[in-house]
Amino acid sequence: IALGHGQCCLDLEGALIARDRVGIQDFVLLDAHNSETAFLDNLKKRFTEDLIYTYIGTLLISVNPYKELDIYTKKQMDLYMGVNFFELPPHIYALADNVYHTMLSEANNHFILISGESGAGKTEASKKILQYYAVSCPSSTLLDTVRDRMLMSNPVLEAFGNAKTMKNDNSSRFGKYMDIQFDCQGDAVGGHILSYLLEKSRVVHQNHGERNFHIFYQLVEGGEEDLLRHLGLEKDTKHYSYLVQGECSNVSSINDKNDWKTVKNALSVIDFDASDIEHLFGIIASVLHMGNVHFDGDTKGYAILNSNAALRWVSKVSDSCLSGLQVLSPFTVDHAIYARDALAKAIYGRAFTWLVNRINESLENKVRGQQEKIFEQFCINYCNEKLQQLFIQLTLKSEQEEYEAEGIGWEPVQFFNNKIICDLVEEKHRGIISVLDEECMRPGDATDLTFLEKLEEKMGNHPHFVTHKLADKKTRKSLERGDFRLLHYAGEVTYCVVGFIDKNNDLLYKNIKDVMRLSKNPIIQECFPATEGDSRRRPETVATQFKNSLLRLMEILTVKEAWYVRCLKSNDNKQSGKFDEVLVRHQVKYLGLMEHLRVRRAGFAYRRRYEVFLQRYKALCPATWPHWRGVPAEGVEKLVQHLGYQPDEYKMGRTKIFIRYARTLFATEDAFEICKHELATKIQAKYKGYRAKGEFRKQKEAGKFIKGYTTRCEAKSTDNSEYLAFVRQSYLNRLKDNLPKTVLDKTTWLTPPPVMTETSEILRQLNTRMMVRKYVRGITPQKKAQLQQKVVTSAIFKGKKDSYPSSIAVPFVDTRINEQDINTRVLQTIHHERIKYSVPVVKYDRNGFKPRPRQLILSQAAVYLVEEAKIKQRVDYVSLKGASVSNLGDSVMILHVALNDPKQKGDLVLQCDHLFEALTKLAMIANKQNNIKVVQGSIKFEIQACKEGGVDFSTGQEPMIYKGKNGHLMVVAPRVKSR
């Protein structure tokens with residue numbers, strides 16, 4: 001972990017004086033750090049003052065206040081942006097900001113693990129973190145889209161994955177891991193969500209006082225009349241078997257109609273199209289209708305449908321062929337109900353997985369006094385064990401790394417290693433999950449009780465496992481015959497095995513899968529692929545799937561830097577201001593907070609960089625006050641010796657002082673508070689004297705200033721020297737803030753006063769040279785080459801050819817024809833000369849001026865005129881006399897060739913769309929800058945030895961090239977308005 005708890009800053013230490021009233025902001029500074037009672041007392045003090053956040057080093061504890069607090073405003077976000085973690089009071093924004101900036105500075109991956117009981121505020125904590133990043137990260141249209149979709153994924157996932165439970169009206173019934181992906185500039189560019197262990201059983205059964213997933217109630221209560229009519233639904237949740245089992249469809253804290261609007265809007269922001277939304281809600285409606293499919297028994301005891309109405313709606317809204325649900329025959333009524341519920345759970349579970357994947361695409365994450373601990377709870381507690389194991393490992397690792405970096409000896413920490421419990425659950429062939437899977441797979445009648453018997457057989461001697469059969473007389477009284485008890489790191493938990501086999505299997509009959517694959521609904525087609533089930537291997541059980549998901553999550557987390565938010569419920573009644581010590585004590589224990597504090601306090605309660613410690617407390621020692629001129633570490637040593645620190649109370653690291661006891665720091669802080677008051681009195685007295693002297697000096701200076709102004713035009717003297725110095729200083733200050741920004745800016749240089757005229761001119765020249773130097777140094781090799789070519793072009797054509805000004809802004813390229821577009825035979829012929837540049841041209845015959853498309857190739861040695869696979873003419877640079885162009889806006893050029901042989905071909909008349917580029921390249925390659933001429937009127941060229949032709953140039957409305965009556969080539973260039 002990059003930032004340790006030794007980086008406390010002024011506001012944290014300043015708050016130490018209020019510790020008796022509001023508690024301590026960081027538990028690391030708790031003197032009685034081994035006392036659970038002191039820990040709870042500190043939490044309660046802070047909770048009473050509406051201070052719901054407290055640190056243990058960089059771990060953040062959050063206590064749910066069950067009321068709105070004014071601490072999440074934009075102003076609060078701005079306050080925490082870019083601030084040192086401990087510089088302000090504890091807040092979830094401080095953690096979010098520090099994770100973000102540490103990620104950027106260290107260029108590695110981080111994760112925030114939010115944990116706690118249902119109703120402790122985990123979902124709200126994750127929302128606050130996402131909202132903070134939405135405001136604090138850089139903004140652009142693309143980034144805003146990514147952030148909007150991340151934020152909008154929350155209400156969608158809550159609708160489909162959250163439900164009201166006894167403890168929490170918005171309880172997440174699935175595990176979620178969300179990745180937010182940033183680029184190296186810190187811009188949010190994407191995200192990804194991993195979900196695991198959706199509580200599918202809730203689709204078909206809810207305990208009293210609980211509801212199904214929110215989306216069912218939102219659709220029925222908030223859906224538009226046309227939509228409900230299309231889906232065959234009525235605006236009354238009492239009509240649906242899957243929604244009435246908990247007998248609490250309407251909850252005062254939940255507004256299903258408003259939430260429906262939020263979800264519809266969120267789906268559009270996440271980029272679901274109308275077709276996706278229609279099919280998705282069709283699936284939700286089909287699950288509701290499926291719950292209303294009822295069965296009677298015939299004379300043989302087989303299941304028969306007592307009504308086809310609900311089944312017809314299932315078939316219609318899901319585009320399935322389930323009107324043939326006679327595939328369930330010859331099932332008993334119980335088997336038919338099991339198959340119906342299994343199908344409903346499978347459809348909803350797979351639709352949820354499809355939804356998460358679709359979101360990921362858009363981003364590229366009181367009835368009885370004692371609740372019965374069931375299969376889902378077993379999986380959740382197993383997850384907590386694994387996370388606790390990782391938590392302690394990473395915490396120990398970060399502490400050891402800081403001690404090693406500072407050269408401080410590491411003192412071994414005693415802590416409970418819960419590997420024995422993790423192995424009890426997950427060990428291959430011997431763990432509870434393996435035994436459960438074996439029972440689910442073995443032939444014969446496997447039941448929950450045979451599973452329990454197998455556990456007793458394999459784990460009878462395990463110190464953390466007990467059942468009614470294995471327990472002693474006293475313990476047996478608290479266990480039912482179908483229970484087993486695990487001693488988790490947080491304490492004992494009793495599980496009832498009823499439903500373990502059934503929920504772990506979670507299988508669908510093959511013929512029902514076959515029917516589902518006939519659906520025309522694209523989401524159902526995706527959820528039930530044709531390839532599924534072709535393998536002879538048995539599908540993984542729920543527990544094994546969960547175990548594998550958890551192991552993958554551990555792999556992800558172990559390669560990232562860890563940060564933690566531990567959420568606590570203040571009470572079970574969701575009552576603001578109530579702090580239930582028994583409940584909070586239980587959570588503190590099972591979240592391992594005391595264990596974490598012991599690790600943090602293993603050696604030293606507090607550590608601080610020498611410079612910052614000295615800056616705060618230097619007033620306590622005459623040798624360090626008011627300024628220490630030496631090495632900070634030596635100043636700190638002087639300071640603590642003066643304060644009377646004992647050798648066992650502190651250690652000097654490489655960059656920090658380590659203080660063992662919190663009471664030592666508190667005594668230092670209390671001494672500082674007293675010292676501040678004494679210093680304030682001395683400073684006040686000094687300041688009053690300073691003010692009096694200052695007023696007198698001001699009046700004296702004002703008189704001198706006026707005299708200097710009146711004599712400013714005279715020669716320098718004692719009367720005006722200070723005024724002239726002021727004028728110079730004032731001009732230089734104004735000039736500093738108004739310097740030209742570019743070399744081409746010739747107008748913004750400030751007009752100097754007469755006394756600064758000469759100096760101003762020297763400074764202007766220096767500034768120009770500096771800007772030129774800075775500009776030149778910033779030029780890349782590619783840009784430099786481009787500018788060098790443009791300089792040559794300017795020397796040849798500037799002020800001479802009409803079309804030159806329009807060519808300035810057009811960048812030159814390395815070549816206009818790629819080598820793969822040049823014929824292989826041509827390449828083989830000239831490859832030894834290295835091709836430097838190629839461009840398409842139109843060549844005009846010397847006799848008749850017929851236009852012919854050609855390739856003009858410049859090698860290191862010669863010019864080539866090429867027609868497909870044939871070289872029509874080669875002119876080496878020695879024989880090239882030069883080139884001529886007109887002064888108008890045309891693109892015709894004539895290459896003049898020395899005719900040493902009567903049979904040799906004459907000059908080349910070419911038209912080239914990239915004339916300036918081609919001639920510049922030719923001039924530089926062949927060293928012919930001085931041989932390119934810009935001519936007015938006509939240009940003569942040699943057809944062959946002793947025979948001349950001509951090209952006449954003029955301007956007109958339209959550009960034209962044709963053979964004139966005089967036998968010359970006539971080139972009409974477009975008129976250029978200005979040169």
Side-chain angles (χ1 to χ4, degrees), residues 78 81-82 138-140 185 687 690-812 887 916 920 929 934 976-979:
D78 292 339
M81 282 181 200
S139 180
S140 71
Q185 276 79 43
Y687 181 67
Y690 167 77
R691 283 289 301 269
K693 289 178 183 176
E695 287 297 324
F696 173 75
R697 195 180 296 112
K698 271 187 191 176
Q699 293 175 9
K700 188 175 178 182
E701 293 294 327
K704 288 180 69 176
F705 190 86
I706 293 168
K707 194 166 186 180
Y709 176 77
T710 57
T711 58
R712 67 188 183 280
C713 297
E714 298 174 11
K716 184 178 178 182
S717 66
T718 53
D719 290 335
N720 65 9
S721 60
E722 287 192 21
Y723 177 78
L724 294 178
F726 167 77
V727 169
R728 292 191 193 95
Q729 186 65 44
S730 176
Y731 174 71
L732 292 174
N733 284 336
R734 286 186 296 114
L735 184 62
K736 178 187 69 174
D737 297 329
N738 294 278
L739 289 170
K741 299 294 188 292
T742 68
V743 179
L744 301 177
D745 184 356
K746 307 291 186 184
T747 60
T748 60
W749 192 267
L750 293 180
T751 304
V755 71
M756 290 294 289
T757 303
E758 185 179 348
T759 304
S760 173
E761 180 57 27
I762 294 170
L763 290 173
R764 189 186 64 77
Q765 292 174 9
L766 285 172
N767 184 64
T768 302
R769 287 170 61 187
M770 183 190 72
M771 287 194 294
V772 169
R773 188 178 181 190
K774 185 177 178 182
Y775 177 77
V776 170
R777 283 185 170 181
I779 295 174
T780 62
Q782 295 81 1
K783 181 73 172 175
K784 184 177 180 181
Q786 184 83 202
L787 290 173
Q788 287 171 336
Q789 294 177 52
K790 288 290 186 177
V791 168
V792 172
T793 312
S794 173
I796 298 171
F797 297 107
K798 183 180 178 182
K800 301 175 184 176
K801 188 163 176 67
D802 286 354
S803 52
Y804 169 72
S806 63
S807 76
I808 295 172
V810 180
F812 291 166
N887 66 323
F916 294 104
T920 301
Q929 289 95 323
V934 181
V976 178
K977 291 182 180 179
S978 61
R979 290 281 297 276

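- You'll find the side chain of Thr748 stays beyond 4.5 Å of the side chain of Lys741, heavy atoms only.
- Atoms CG and NZ, from Leu744 and Lys746 in turn, are 7.0 Å apart once rounded to the nearest 0.5 Å.
- Note that CD1 of Ile762 is 11.0 Å distant from OG1 of Thr757, once rounded to the nearest 0.5 Å.
- Dense packing is recorded around CZ of Arg734, with more than 12 heavy atoms of other residues, nucleotides or ligands lying under 6.0 Å away.
- Atom CG of Asn733 and atom CZ of Arg728 lie 14.0 Å apart (nearest 0.5 Å).
- Between atom CD of residue Gln786 and atom OG1 of residue Thr780 there is a gap of 9.5 Å, rounded to the nearest 0.5 Å.
- With sequence neighbours excluded, the residues forming a ring-ring contact (aromatic ring centres under 6.0 Å, His included) with Phe726 are Phe705, listed by chain and number.
- Under a 3.5 Å cut-off, the side chain of Ser806 and the backbone N or O of Ser803 do form a donor-acceptor pair.
- Judged purely by atom type and a 3.5 angstrom limit, Tyr804 has no side-chain atom pairing as donor or acceptor with the backbone of Ile796.
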Using the rule given for side-chain hydrogen bond (donor to acceptor under 3.5 Å, both in side chains), can you reason through Glu761 versus Gln765, listing the C-alpha separation, both sets of side-chain angles and the distance that settles it, and then say yes or no? CA-CA 6 Å; Glu761 180 57 27; Gln765 292 174 9; 3.1 Å; yes
Derivation of the side-chain hydrogen bond (donor to acceptor under 3.5 Å, both in side chains) call for Tyr731 and Ser760: CA-CA 9 Å; Tyr731 174 71; Ser760 173; 3.0 Å; yes
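- Taking Leu739 as the reference, Leu735, Trp749, Asn767 meet the side-chain contact (heavy atoms from CB on, under 4.5 Å) condition, with sequence neighbours excluded.
- Remark: Asp78 engages Lys74 in a salt bridge (Lys or Arg N to Asp or Glu O under 4.0 Å) (not counting sequence neighbours).
- Panel note: side chain Ser794, backbone Lys790; no donor-acceptor pair is recorded below 3.5 Å.
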